[in-house]
Number of protein chains: 2
Amino acid sequence: MPEPEISSPKRDQLMATAWRLFYRDGFRAVGIDLILAEAGVAKMTLYNHFASKEELIVALLEKRDRELRASMVATVEAAGKSPTKRLLAVFDWLERWFGSPDFNGCVFIRALSEYPEATHAIHRTAWNHKVAVKEMLAQLGAAAGAANPTGLAETLSLLIDGAIVAAHGTRETGSARSARVTTAALLKLATA
Amino acid sequence: MPEPEISSPKRDQLMATAWRLFYRDGFRAVGIDLILAEAGVAKMTLYNHFASKEELIVALLEKRDRELRASMVATVEAAGKSPTKRLLAVFDWLERWFGSPDFNGCVFIRALSEYPEATHAIHRTAWNHKVAVKEMLAQLGAAAGAANPTGLAETLSLLIDGAIVAAHGTRETGSARSARVTTAALLKLATA
DNA sequence: GCAGGAATAGACAGATCTGTCTATCGCACT
DNA sequence: AGTGCGATAGACAGATCTGTCTATTCCTGC
């Protein structure tokens with residue numbers, strides 16, 4: 001019963017391939033047969049590890065959530081001690097992401113879009129990630145001495161998600177810089 | 001050959017039903033058979049008016065683009081002569097939209113998400129809308145005396161798209177107000 | 001050597017998908 | 001009355017979808 005979180009080579013292989021194809025083409029656009037063929041894994045192996053395609057997607061989103069937030073934390077930590085620099089480092093991180101060759105939008109926004117119903121497990125899992133990121137931003141904002149860290153985090157979340165959508169539409173990194181410049185200006189106001 | 005833009009009752013009926021179902025459930029999630037059944041229209045009627053499902057979607061996005069921008073213009077016009085008030089009225093318009101019972105995210109962001117490939121006709125059509133809105137914002141910003149209307153419009157676009165994503169995740173209207181407050185602050189800076 | 005669990009290939013069910021085709025019907029216009 | 005066009009129902013093709021099942025094989029621990 002390798003249901004909860006047990007790692008196995010085949011399972012990892014499956015998730016890596018599924019991630020690549022889902023992120024490239026979309027959840028509904030990719031059938032499990034294609035994933036299985038490209039991963040070199042039998043169908044029953046998938047259904048021994050996951051109850052359904054939906055559960056596979058949820059597991060992928062949760063994994064991506066962990067990795068993405070860990071990557072953000074690492075970037076922030078590497079930015080030094082200045083709270084302002086730490087916050088702005090998030091936007092440098094964004095800019096690098098937008099410039100990476102396989103950038104294809106935000107998988108969580110895309111999951112919200114493909115499963116628009118509020119009660120759907122995939123929709124909720126995707127939104128959980130955005131809430132978690134917002135909480136990270138609030139902590140960074142509090143450390144920077146913002147008068148209203150929660151409000152600042154909300155605004156920064158808007159800028160970030162807007163920038164991701166714009167980068168997906170233009171395939172350019174400029175939106176990250178725009179968001180960064182705006183954030184710098186807002187920080188001055190918020191900590192004044 | 002009613003291909004280009006000829007209006008017909010059946011065609012309108014088809015587009016209305018297709019819009020409703022696509023917006024509710026997603027493009028790939030809704031099959032044309034369902035649309036036809038709910039619209040009470042024969043399959044050949046669809047394929048006489050549109051070459052494919054994809055073309056139907058593109059036509060719907062173009063129609064929605066026209067209507068949405070017209071609605072924005074009307075809101076702005078109704079806001080009076082003050083350039084600042086006119087710009088801020090966009091966010092009141094957003095808030096009303098988020099609060100409407102069938103709000104289900106932005107169909108253009110969702111189209112970008114479901115058809116993530118940059119060269120896809122649906123993807124490009126959806127992005128065209130975002131570009132057009134940004135141009136509207138730049139004009140409003142210029143009228144408000146912004147030093148850099150294009151840059152301001154870019155930032156406001158980020159806030160707007162971010163707010164839409166947030167409203168889709170939370171089913172609340174608060175993100176529109178956050179974006180509005182931030183915009184008011186930015187306007188003071190941009191016109192100072 | 002052997003037992004047991006994991007993975008395998010592949011058939012299968014049952015549904016659904018887009019798009020094509022045919023044959024008929026209804027209706028407006030002359 | 002007759003012509004022509006738009007719309008109709010419904011069969012059809014061919015592909016694809018998720019999920020189930022079986023029977024076999026592989027590998028590891030004992």
Side-chain angles (χ1 to χ4, degrees), chain A residues 1-61 111 114-115 117 120-123 125, chain B residues 1-61 111 114-115 117 120-123 125:
Chain A
M1 205 194 295
E3 262 245 58
E5 274 301 319
I6 289 152
S7 164
S8 100
K10 286 293 176 182
R11 185 188 154 107
D12 296 347
Q13 209 170 326
L14 202 48
M15 289 184 77
T17 303
W19 163 259
R20 181 173 57 81
L21 295 176
F22 282 146
Y23 184 56
R24 196 189 59 187
D25 296 338
F27 299 110
R28 296 199 120 103
V30 174
I32 52 170
D33 284 341
L34 178 61
I35 297 170
L36 296 171
E38 295 221 3
V41 160
K43 192 175 266 195
M44 277 314 293
T45 303
L46 187 157
Y47 284 102
N48 281 335
H49 284 290
F50 304 96
S52 63
K53 179 184 181 180
E54 180 180 316
E55 277 203 10
L56 168 62
I57 293 173
V58 168
L60 285 170
L61 291 178
E114 281 212 64
Y115 302 90
E117 198 190 350
H120 197 290
I122 294 175
H123 189 94
T125 304
Chain B
M1 204 195 295
E3 260 246 58
E5 274 301 318
I6 290 151
S7 165
S8 102
K10 286 292 177 184
R11 184 188 156 109
D12 296 347
Q13 209 170 325
L14 202 49
M15 288 185 79
T17 304
W19 164 258
R20 181 173 56 81
L21 295 175
F22 283 147
Y23 184 55
R24 195 188 61 186
D25 295 338
F27 298 110
R28 296 199 119 104
V30 174
I32 52 170
D33 284 342
L34 179 62
I35 297 170
L36 296 171
E38 295 220 4
V41 160
K43 191 175 268 195
M44 278 314 295
T45 303
L46 186 158
Y47 284 102
N48 282 336
H49 283 290
F50 304 97
S52 63
K53 179 183 181 180
E54 181 180 314
E55 276 203 11
L56 168 62
I57 294 173
V58 168
L60 284 170
L61 291 179
E114 282 212 63
Y115 301 90
E117 199 190 348
H120 197 291
I122 294 175
H123 189 95
T125 304

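Below, chains carry the letters A, B, ... as their sequence lines are ordered, and counting in each starts from 1.
Applying the salt bridge (Lys or Arg N to Asp or Glu O under 4.0 Å) rule to B:Arg28 yields no partners; only residues at least two apart in sequence or on another chain are considered. With sequence neighbours left out, the salt bridge (Lys or Arg N to Asp or Glu O under 4.0 Å) criterion links B:Lys53 to no other residue. For A:Gln13, the side-chain hydrogen bond (donor to acceptor under 3.5 Å, both in side chains) criterion is met by no residue, not counting sequence neighbours. Contacts of B:Lys43 classified as salt bridge (Lys or Arg N to Asp or Glu O under 4.0 Å), with partners at least two apart in sequence or in another chain: B:Asp33. Shown here are the salt bridge (Lys or Arg N to Asp or Glu O under 4.0 Å) partners of A:Asp25, two or more places apart in sequence or in another chain: there are none.
Here the P atom of nucleotide D:dG6 and the CZ atom of B:Arg11 are 14 Å apart, to the nearest Å. Rounded to a whole Å, the CZ atom of A:Phe50 is 11 Å from the P atom of C:dA7. When rounded to the nearest whole Å, the span between NZ of B:Lys10 and C1' of D:dA9 equals 13 Å. The interatomic distance linking B:Gln13 (CD) with D:dT8 (P) rounds to 8 Å, in whole Å.
The shortest distance between the side-chain N/O atoms of A:Thr45 and the OP1/OP2 oxygens of C:dA9 is not below 4.0 Å. OP1 or OP2 of D:dA7 has at least one side-chain nitrogen or oxygen of B:His49 nearer than 4.0 Å.
Under the side-chain contact (heavy atoms from CB on, under 4.5 Å) test applied with B:Val41, the options B:Thr17, B:Ile35, B:Leu36 reduce to a single match, B:Leu36.
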Each nucleotide of nucleotides 16-30 of chain D classed B (base within 4.0 Å of a protein heavy atom), S (only sugar-phosphate) or -, in 5' to 3' order, makes -SBBBBB--------

